[in-house]
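Some notes on the structure that comes next.
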Amino acid sequence: MSSLRNAIPRRAHKERAQPQSRKKFGLLEKHKDYVVRAKAYHKEETIRRLKEKAAFRNPDEFYFKMIKTKTVDGVHRLESEANKYTQEELMLMKTQDIGYNLQKLQSERNKIEKLNTMLHSLDSNLSSRHVYYAQDREEAKEIKYISGRKATLPVFDDIPDHINRKTAASYRELEGRIKRVQELEKLFMDMSLQKELQKKGRKRKLHEEEIVCPSSKPVYKWRSE
């Protein structure tokens, strides 16, 4: 019933203009003008509240930004958090990140293995073997001839469309998961390298002519202590 009511054409009601007798007061305020005026009013109200809060602030009150900020040219600036964590804490966080990445990598590999098993069982042409019993040689030859003709016919021509769609979706999912595994493996190698570079010891990056097996990734060599 509501759809039928909406199908009936209706008159477009427009906002009225300023009456002729009130032309001296200027244009009649529309809704969009009211929205702009309301936002400006609330902005001024917020500024007023902040000024009032600053005026009644307790000078003996302590908050942590007193020791975490410093004034530069009259502007409060936060201190740099570059050295917020120690080297041991950074190594621990890097290890936890690598462990989480390895867990996701193993999970994706298990899902890929399950998908491969399922799709392999669908694609494998499982032949159904029947045993026929003949009364004599002539009947045996006839059964063999008929079964040989049936074996040459395609087996999976009568697969329903919804099964084909599900199979195609499974193949797309498998392709996406393989790409995700490749990305996770690359990320795992990069994070492992970064973790090793954070450890103590003198090391240097090898030049291209020093690398035995050329690689697009950087190769480092640690000096013997």
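For the numbers below, each heavy atom of this structure counts, side chains included, while hydrogens, waters and symmetry mates do not. Owing to the predicted nature of the structure, the values given are computational and were not obtained by experimental measurement.
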Query - Partners meeting side chain to side chain contact (heavy atoms under 4.5 Å, CB included) with Met93 (sequence neighbours left out) - result: Tyr85, Leu90
Query raised in the report: Please walk me through it: do Ile98 and Met191 pass side chain to side chain contact (heavy atoms under 4.5 Å, CB included)?
Result: CA-CA 7 Å; Ile98 292 176; Met191 294 175 68; 3.8 Å; yes
Query raised in the report: Among all residues two or more places apart in sequence or in another chain, which pass the side chain to side chain donor-acceptor pair (under 3.5 Å) test with Thr95?
Result: Lys195
Report task. List the steps and the verdict of side chain to side chain contact (heavy atoms under 4.5 Å, CB included) for Glu183 and Leu187. Result -> CA-CA 6 Å; Glu183 294 174 358; Leu187 181 61; over 6 Å; no
Query raised in the report: How would you list, by chain and number, every residue that makes a side chain to side chain contact (heavy atoms under 4.5 Å, CB included) with Asp33, sequence neighbours excluded?
Result: Glu29, Lys30
Query - Gap separating the CG atom of Leu115 from the CG atom of Asn110, nearest 0.5 angstrom - result: 11.5 Å
Query raised in the report: Shared ILVMFWY cluster between Leu102 and Tyr100, side chains joined below 4.5 angstrom?
Result: no
Query - CD1 (Ile47) with more than 12 external heavy atoms under 6.0 Å - result: yes
Requested in this report: State whether the side chain of Asn101 and the backbone N or O of Asp97 hold a donor-acceptor pair below 3.5 Å, judged by distance alone.
Outcome: no
**Report entry** Gln194 CD to Met189 CE distance, which is reported to the nearest 0.5 Å
**Finding:** 12.0 Å
**Report entry** Polar side-chain atom of Ser192 near backbone of Phe188 as donor-acceptor pair, under 3.5 Å
**Finding:** yes
Report summary line: When rounded to the nearest 0.5 Å, the distance separating OG1 of Thr46 from NZ of Lys43 is 9.5 Å
Report task. Just grab all the side chain to side chain donor-acceptor pair (under 3.5 Å) pairs involving residues 50-59, residues at least two apart or on different chains. Result -> Arg48-Glu52
Query - Closest heavy-atom pair and its distance - Met118, Ser170 - result: CE-OG, 3.7 Å
Report task. Name all pairs fulfilling the salt bridge (Lys or Arg N to Asp or Glu O under 4.0 Å) condition that reach into residues 103-121, sequence neighbours left out, sorted by first residue then second. Result -> Glu108-Arg177, Glu108-Arg180, Arg109-Glu185
**Report entry** Point-to-point distance, once rounded to the nearest 0.5 Å, from CZ of Arg172 to OG1 of Thr167
**Finding:** 10.5 Å
Query raised in the report: To the nearest 0.5 Å, how far apart are CD in Gln20 and CD in Gln18?
Result: 10.0 Å
Query raised in the report: Going from CD on Glu173 to CG on Leu119, what distance comes out if it is rounded to the nearest 0.5 angstrom?
Result: 9.0 Å
Query - Partner set under side chain to side chain contact (heavy atoms under 4.5 Å, CB included) for Arg49, not counting sequence neighbours - result: Glu45
